[in-house]
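Report on the following structure.
Every chain is numbered from 1, with letters handed out A, B, ... down the list of sequences.
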Amino acid sequence: MKLRIYNTLTRRKEDFTPLNPDHVTIYVCGPTVYNYAHVGNARPVVVFDLLVRLLRHDYKRVTYARNITDIDDKIIEASQESGVSISQITEKYARIYEADMAALNAGPPDLTPKATDYIDQMIAMTGTLIDKGYAYKKDGHALFSVPSMSNYGELSGRKLDEMIAGARVDVASYKKDAADFILWKPSTETQPGWDSPWGRGRPGWHLECSCMIEDNFGDTIDIHGGGLDLIFPHHENEIAQSRCAHGGIALANYWMHNGYLTVDGEKMSKSLGNFITVHDLLEEFPGRGEAIRMNLLSAHYRQPVDFSHDGIRQAQKQLDRWYRLTDGVDTDGVKVPNAVLDALRDDLNTPKALAELNSLAKKAVNDDGAASQLKVAANLFGVLEQDDWFDGIVDDSALSEMAIGKLITERAEAKKNKDFARADDIRNQLSEQGISLLDGPEGTSWERR
RNA sequence: GGCGCGGUGGCGGAGAGGCUACGCAGCGGAUUGCAAAUCCGUGUACACCGGUUCAAAUCCGGUCCGCGCCUCCA
């Protein structure tokens with residue numbers, strides 16, 4: 001089966017055909033690095049990581065880019081409030097972001113362009129847009145003239161007159177039209193800035209993505225992704241900039257947008273204060289990044305996922321089972337079963353794919369081949385990649401292995417003497433320390449919970 | 001006000017005209033000194049009201065409820 005993708009641009013599921021059959025290009029909007037990412041921010045990361053894994057399976061070559069916004073008013077604010085330099089802030093949080101996402105088995109993309117490395121390109125594109133009559137300068141600003149583009153609003157399905165009618169914000173004096181957006185804005189003495197033909201300033205937010213794509217991939221990429229909330233205005237404006245700069249050529253052929261992570265049905269967001277950072281969640285569930293990942297993939301990517309600790313626990317139980325079933329299996333030369341691949345190729349139907357994994361798990365009980373397939377398929381999913389899943393986290397307060405071993409020996413003695421009261425006593429004692437004893441044919445083993 | 005998404009068994013969650021996924025939890029049983037794990041069995045749910053159809057959770061119309069975007073936002 002061929003990969004099918006729901007394209008926001010056409011509002012339909014379409015067969016995916018890359019421009020170059022041997023090389024797929026994909027760009028996803030990344031973080032503005034001035035604080036910790038919350039679980040909602042992690043959703044697109046996990047979703048598109050899975051998509052890229054699938055693309056790599058199906059195509060010879062894939063280049064995946066995710067930008068880092070390291071110049072932005074919020075970063076400037078954070079720097080001024082804390083007295084810490086902008087580069088220190090952005091480097092710190094970019095590092096944390098990468099580590100937190102890696103804990104969810106979402107490795108770094110092939111390219112992670114930073115906005116501040118593309119200042120020249122942004123100045124150049126702004127110049128091009130002004131030259132072509134799609135942008136203008138006013139009071140140190142450069143602005144994109146939305147009415148100059150005939151088919152503005154294609155992606156979000158908005159009409160210009162409707163937008164103006166619904167405008168909730170006062171129109172800045174330097175804008176010719178309420179819908180116009182900033183390409184370049186002036187910086188004060190105390191704000192960071194770069195020299196440009198329009199004076200010292202800094203780029204508007206939408207511009208970096210257009211320039212990074214142009215610089216790394218050319219006019220058109222195959223897939224452009226991000227969260228639902230980026231459709232308007234961010235992606236709409238990216239399209240406007242790139243198409244007008246490139247003579248009308250499409251910026252991306254397929255636009256994909258993931259749904260929100262919600263909390264009690266409401267969007268998780270910083271302004272509502274209903275967020276939990278990935279960093280904190282990983283402390284709550286140490287070593288269980290895969291369970292968080294599974295939870296994020298438990299619903300179809302375009303549907304909302306309601307965040308709950310219980311959801312993560314559920315995912316963890318499923319992983320526990322799969323880890324037991326696949327312990328020590330040989331995966332050499334084993335292929336991912338088509339049932340799993342086809343579920344994913346159908347617009348990334350992860351719940352269906354998970355059902356297929358469970359079907360393999362059922363067979364794996366007495367079928368080594370199925371166990372191998374489960375492992376390989378789960379690996380494509382980005383789980384079952386740890387070999388220390390049951391080792392748990394050892395901290396200073398935890399019992400040493402030697403102490404546990406001693407208690408197990410003592411319990412074995414008690415069992416031999418039919419002193420089951422003492423044996424249960426030891427089980428309970430260890431259980432309180434988070435250690436489960438498992439009696440098997442070859443004696444007693446243990447796991448940390 | 002404009003545009004859009006959704007309401008599926010106790011919970012999570014696919015599906016999308018007939019074959020009624022899947023997971024978690026529960027219940028009954030097997031096994032086990034106990035426990036875990038495992039195995040077998042067990043649940044006719046699709047917001048409401050009409051309509052189309054031989055057949056609707058799936059199509060059409062209406063109603064109610066929840067959510068989102070229109071401003072920074074993954």
Side-chain angles (χ1 to χ4, degrees), chain A residues 8 11 28-32 37-48 66 72-74 153 156-159 161-170 179 181 205 225-234 236 257-262 264-272 275 294-306 308 310-322 324-325 343 346 349-359 361-362 365-366 411 414-416 418-421 423-428 430-431 436-440 444-447 449:
Chain A
T8 307
R11 286 149 220 269
V28 175
C29 290
T32 301
H38 63 62
V39 190
N41 302 133
R43 191 171 182 200
V45 176
V46 167
V47 164
F48 289 104
R66 184 180 66 212
D72 162 277
D73 285 4
K74 281 182 182 154
S156 54
R158 277 159 220 275
K159 294 194 175 88
D161 45 344
E162 282 166 2
M163 283 178 6
I164 297 160
R168 280 193 260 153
V169 178
D170 291 337
F181 60 89
W205 174 44
L228 206 60
D229 44 5
L230 295 182
I231 295 175
F232 188 89
H234 184 54
E236 201 68 81
H257 295 94
N258 63 276
Y260 296 126
L261 187 88
T262 59
D264 296 328
E266 285 186 319
K267 179 182 175 186
M268 179 180 283
S269 72
K270 277 167 190 157
S271 49
L272 282 171
F275 65 91
M294 275 271 281
N295 183 234
L296 289 174
L297 295 174
S298 66
H300 182 84
Y301 77 93
R302 284 188 278 116
Q303 294 301 126
V305 169
D306 203 59
S308 73
D310 198 53
I312 294 169
R313 276 181 221 109
Q314 254 191 47
Q316 185 177 324
K317 281 186 185 174
Q318 214 169 88
L319 287 170
D320 283 346
R321 178 152 186 265
W322 292 355
R324 285 193 188 97
L325 287 167
D346 182 13
N349 190 337
T350 51
K352 181 89 191 302
L354 286 171
E356 297 298 343
L357 286 168
N358 275 314
S359 152
K362 199 163 189 166
V365 172
N366 49 28
R411 180 164 164 277
K415 277 169 69 179
K416 206 184 270 176
K418 305 270 185 210
D419 182 1
F420 296 122
D424 288 350
D425 216 41
I426 290 168
R427 175 186 288 289
N428 292 335
L430 284 170
S431 178
S436 302
L437 296 183
L438 309 173
D439 292 337
T444 301
S445 61
W446 58 275
E447 306 176 338
R449 268 178 278 127

Just jot down the side-chain contact (heavy atoms from CB on, under 4.5 Å) partners of D72(A), sequence neighbours excluded, or say none. T32(A), T69(A), K74(A), I75(A)

Quick tally for nucleotides 34-46 of chain B: nucleotides whose base has a protein heavy atom under 4.0 Å get B, sugar-phosphate-only ones S, the rest -, giving BBSSSS-------

Enumerate the protein-to-nucleotides 11-15 of chain B contacts in which both atoms are nitrogen or oxygen and the separation is below 3.5 Å.
from	atom 1	to	atom 2	distance (Å)
A14(B)	OP1	H300(A)	N	2.6
A14(B)	O3'	N349(A)	ND2	3.3
G15(B)	OP1	N349(A)	ND2	3.2

Salt bridge (charged side-chain N to carboxylate O under 4.0 Å, His left out) partners of D320(A), counting only residues at least two apart: none

Suppose we screen for salt bridge (charged side-chain N to carboxylate O under 4.0 Å, His left out). Which residues come up paired with D439(A), at least two apart in sequence or across chains? R411(A), K415(A), R427(A)

Excluding sequence neighbours, so at least two apart, what forms side chain to side chain donor-acceptor pair (under 3.5 Å) with K352(A)? none

Sidechain-backbone polar pair: T350(A) side chain, A299(A) backbone, donor-acceptor under 3.5 Å: yes

By nearest nucleotide on RNA chain B, pick out whichever of P233(A) and R11(A) is the more 5' one. R11(A)

According to salt bridge (charged side-chain N to carboxylate O under 4.0 Å, His left out), who are the partners of D306(A), at least two apart in sequence or on a separate chain? none

Excluding sequence neighbours, so at least two apart, what forms side-chain contact (heavy atoms from CB on, under 4.5 Å) with L228(A)? I231(A), H257(A), Y260(A)

Taking side-chain contact (heavy atoms from CB on, under 4.5 Å) as the test, write out the residues that go with V28(A), two or more places apart. I26(A), F48(A), Y64(A)

R321(A): what forms a salt bridge (charged side-chain N to carboxylate O under 4.0 Å, His left out) with it, not counting sequence neighbours? none

Consider the side chain of D229(A), meaning its heavy atoms from C-beta on, and name the nucleotide among G33(B), C22(B), A74(B) that approaches it most closely. A74(B)

Which stems does RNA chain B form, counting runs of 3 or more consecutive Watson-Crick or G-U wobble pairs with both distances under 3.5 Å? B:1-7 with B:64-70, B:10-12 with B:22-24, B:26-30 with B:38-42, B:47-51 with B:59-63

Apply side-chain contact (heavy atoms from CB on, under 4.5 Å) to the pair F181(A) and E236(A), showing each step before the final yes or no. CA-CA 11 Å; F181(A) 60 89; E236(A) 201 68 81; over 6 Å; no

Which residue lies toward the 5' end of RNA chain B, A421(A) or H38(A), if each is placed at its nearest nucleotide? A421(A)

Produce the list of close N/O pairs, under 3.5 Å, pairing protein atoms with atoms of nucleotides 66-68 of chain B; give distances to one decimal.
from	atom 1	to	atom 2	distance (Å)
G68(B)	O2'	Y260(A)	OH	3.3

